[in-house]
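Because the structure is a prediction, the values reported are computed rather than measured.
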Amino acid sequence: MSTTTPASGAAPALGRQDIAHLARLARLAVTDEELDRFAGQLGAVLDAVAQVQRADVGDVAPTTHAVPLTNVLRADVATPCLPRDAVLAAAPAAEDGRFRVPRILGEEE
Amino acid sequence: MSEPLVEFDDVLTRYEPVIGLETHVELGTESKMFCGCTTAFGAEPNTQTCPVCLGLPGSLPVANAAAVESTIRIGLALGCRIASWSRFARKNYFYPDIPKGFQTSQYDEPLCTAGHLDVEVDGETYRVEIERVHLEEDTGKNLHVGGATGRIHGAEYSLVDFNRAGIPLVEIVTRPVAGAGAKAPEVARAYVTELREIIQTLGASDVRMEQGSLRCDVNTSLAPVGSLEWGTRTETKNVNSLRSVERAVRYEMRRQAAVLDAGGRIVQETRHFHEDTGSTSPGRSKEEATDYRYFPEPDLVPLAPDAEWVEKLAAGLPELPAARRARLREEWGLSATEMAWLVNAGALGVVEGTVAAGASPADARKWWLGELARRANDAGVELTALPVTPRQVAELSALVAEGTVNDQLARQALDGVLAGEGDPRAVVESRGLAVLGESDELVAAVDVAIAGAPDVVAKVQGGKVQALGALVGAVMKATRGKADAATVRRMLEERVLGS
């Protein structure tokens with residue numbers, strides 16, 4: 001993303017280009033009209049979230065977890081898998097025991 | 001699609017190559033990286049999945065301890081610094097072979113950093129710096145249907161098998177390697193060869209390139225000789241053999257030189273290597289910078305290997321290939337060149353096994369680099385893929401040494417072993433391959449040969465002793481090679497010359 005979070009705590013401004021980029025990454029077809037609407041809406045969401053940046057966290061170490069846990073590991077032991085019929089039953093389309101997906105365009109492997 | 005190429009030697013008069021390698025290794029764990037699904041190769045499609053590796057809502061991953069340990073061990077073997085704090089990250093992108101919409105990988109906090117691997121090419125040592133070793137998960141496999149067979153272009157649709165999705169994958173990334181000049185392609189190959197051997201020695205993976213458990217992306221760029229700046233690099237994928245690693249670098253050097261010579265510029269792109277032509281073609285375009293929106297994986301807690309754990313893993317490392325080669329070279333009294341032949345032929349392990357089973361180092365080398373290398377070559381397989389064990393080769397060698405068979409019969413016994421008829425001694429027995437002593441059968445054959453060639457006998461008796469060879473040949477033929485030539489010659493001399 002081209003936007004960066006300003007240190008001041010204000011929400012970053014999202015332009016139409018940012019929305020278009022995000023939409024492309026999310027594989028969403030967004031119309032021109034929607035670009036404007038979503039830019040405004042997402043901006044409001046970011047503003048709301050930006051409030052947390054006003055908190056003084058000077059003496060708090062950055063973390064991605066609320067619980068100070070590390071090295072949660074499992075032993076390397078094989079456990080039963082799902083039956084294939086059940087797995088494929090959840091797919092919109094299947095063929096020859098595989099998930100069938102629309103043709104993949106624009107990229108090679 | 002033939003592109004202009006510059007002769008390899010000409011490339012080097014004007015440009016300096018810089019290479020870099022990204023190697024992916026599927027770890028040989030029992031279960032997947034974040035779930036308990038089995039990792040066995042070759043199962044029916046989609047029979048090895050569960051809610052975690054399919055990315056079903058509500059499922060939670062838990063990291064595989066053995067995979068973490070294998071990654072640390074690989075890092076240690078490459079002289080890396082093992083991070084005391086490391087995290088998984090989500091690499092977000094959409095592709096049908098990743099069920100979750102992201103790959104669980106590592107980003108700015110990999111498990112291992114700053115290592116190196118020394119490789120030897122033509123007696124020169126090149127140091128390849130390792131940037132990082134990190135742990136991630138493999139993707140599923142796509143099968144493209146319609147259009148040209150198996151090709152994504154023109155395919156009508158694709159079929160996805162998620163058995164491989166979630167298998168632990170270690171990525172080993174080198175720093176750019178400059179200064180190898182004309183040897184760059186060979187250095188690339190030597191690096192992957194040595195890396196593969198190290199990982200095999202660690203028992204961390206079966207590292208089979210043809211099955212995709214070791215995959216390599218090769219980065220190549222050229223800079224004008226004397227330039228301080230490196231050129232734009234291309235990343236070549238689909239490099240599926242050690243030989244291809246070398247060929248891919250060579251081809252890219254020649255292609256890029258032609259582009260630069262013509263005043264063009266190299267486009268940063270992914271290219272695909274084609275095994276059949278040895279060429280590369282443009283793949284995924286990178287005109288739009290990839291944006292993976294990495295962020296720390298909230299479902300997995302950080303890895304924090306403490307010193308005690310790392311030291312324990314370090315203490316448990318096996319003898320690494322370079323140390324082993326040095327030791328065996330010393331034990332067998334080989335020159336550096338002889339050792340290099342053995343290593344390049346992929347025969348080190350089997351020769352070591354054959355020596356351990358009782359053969360002399362010289363005999364073991366003779367068998368594996370001679371007859372067996374020829375058989376492997378004829379069959380188009382790796383030496384070690386021949387259906388014969390070092391112990392059987394040692395037995396064969398012993399049969400020759402004790403005089404039970406001669407070289408020719410030993411080769412016939414080998415035929416039997418390779419055909420699955422059992423151990424050499426059993427094959428000699430069942431095929432009746434033991435050399436004939438001075439048996440009635442041999443005496444009769446000698447008498448027949450003498451009676452059948454009075455002219456030769458006359459010549460020999462007249463002083464032309466070398467004419468005896470014709471009689472030896474006749475006896476060998478009559479006994480279908482089962483006689484010992486020296487014995488036959490002695491028996492003939494006794495009878496014809498009366499000595």
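- For the options A:Asp85, A:Leu69, A:Asp96, heavy-atom pairs under 4.5 Å to chain B are most numerous at A:Leu69.
- Within the structure, side chain to side chain donor-acceptor pair (under 3.5 Å) pairs that include any residue of residues 295-313 of chain B comprise B:Glu69-B:Trp309, B:Arg90-B:Glu297, B:Arg90-B:Asp299 (at least two apart or interchain).
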Set out, in order, the CA-CA distance, both residues' side-chain angles and the distance that settles side chain to side chain donor-acceptor pair (under 3.5 Å) for B:Ser158 and A:Arg100, then state yes or no. CA-CA 6 Å; B:Ser158 298; A:Arg100 179 175 164 156; over 6 Å; no
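- Evaluation of the salt bridge (Lys or Arg N to Asp or Glu O under 4.0 Å) test over residues 134-143 of chain B, restricted to residues two or more places apart or in two chains, returns B:Lys100-B:Glu137, B:Asp138-B:Arg164, B:Asp138-B:Arg215.
- The local environment of CD in A:Glu33 is sparse, with at most 12 non-hydrogen atoms from other residues, nucleotides or ligands closer than 6.0 Å.
- Of the atoms belonging to B:Asn64, heavy atoms from both backbone and side chain fall under 4.5 Å from chain A.
- For the set B:Asn142, B:Thr139, B:Thr49, the entry with the most heavy-atom pairs within less than 4.5 Å of chain A is B:Thr49.
- Within the 3.5 Å criterion, the main-chain N or O of B:Ala304 finds a donor-acceptor partner in the side chain of A:Asn71.
- By the neighbour-count criterion of 12 heavy atoms within 6.0 Å, atom OH of B:Tyr294 is densely surrounded, having more than that number from other residues, nucleotides or ligands.
- Remark: B:Tyr157 OH to A:Arg98 CZ distance equals 11.0 Å, nearest 0.5 Å.
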Step by step, work out the side chain to side chain contact (heavy atoms under 4.5 Å, CB included) result for B:Asn46 and A:Phe99. CA-CA 8 Å; B:Asn46 294 306; A:Phe99 290 86; 3.6 Å; yes
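- Listed options B:Pro302, B:Cys50, B:Pro298, B:Pro51 were ranked by heavy-atom pairs under 4.5 angstrom with chain A; first place goes to B:Pro302.
- Every residue meeting the salt bridge (Lys or Arg N to Asp or Glu O under 4.0 Å) condition with A:Asp32, not counting sequence neighbours, appears here in chain and number order: A:Arg16.
- With a threshold of 4.5 angstrom between heavy atoms, B:Pro96 approaches chain A through side-chain atoms but not through N, CA, C or O.
- Residue B:Leu300 touches chain A through its backbone alone, counting heavy-atom pairs closer than 4.5 Å.
- Between A:Arg74 and B:Gly36, the shortest heavy-atom distance links the atoms NH2-CA, 3.6 Å.
- In this structure, CZ on B:Arg87 lies 12.5 Å from OG1 on A:Thr70, to the nearest 0.5 angstrom.
- Contacts with chain A (heavy atom to heavy atom, under 4.5 Å) involve these residues of residues 52-62 of chain B, listed by number: B:Leu54, B:Val62.
- Taking OH of B:Tyr292 as the reference point, atom CG of A:Leu25 lies at 11.0 Å (rounded to 0.5 Å).
- Interface remark: B:Phe34 contributes backbone atoms only to the contact with chain A (heavy atom separation under 4.5 Å).
- If you tally non-hydrogen atom pairs under 4.5 Å between each of B:Thr39, B:Asn92, B:Thr47, B:Val68 and chain A, the highest count goes to B:Thr47.
- Rounded to the nearest 0.5 Å, atoms NZ (B:Lys32) and OG1 (A:Thr79) are 10.5 Å apart.
- Most heavy-atom pairs under 4.5 Å with chain B, from the set A:Leu73, A:Val72, A:Val67: that is A:Leu73.
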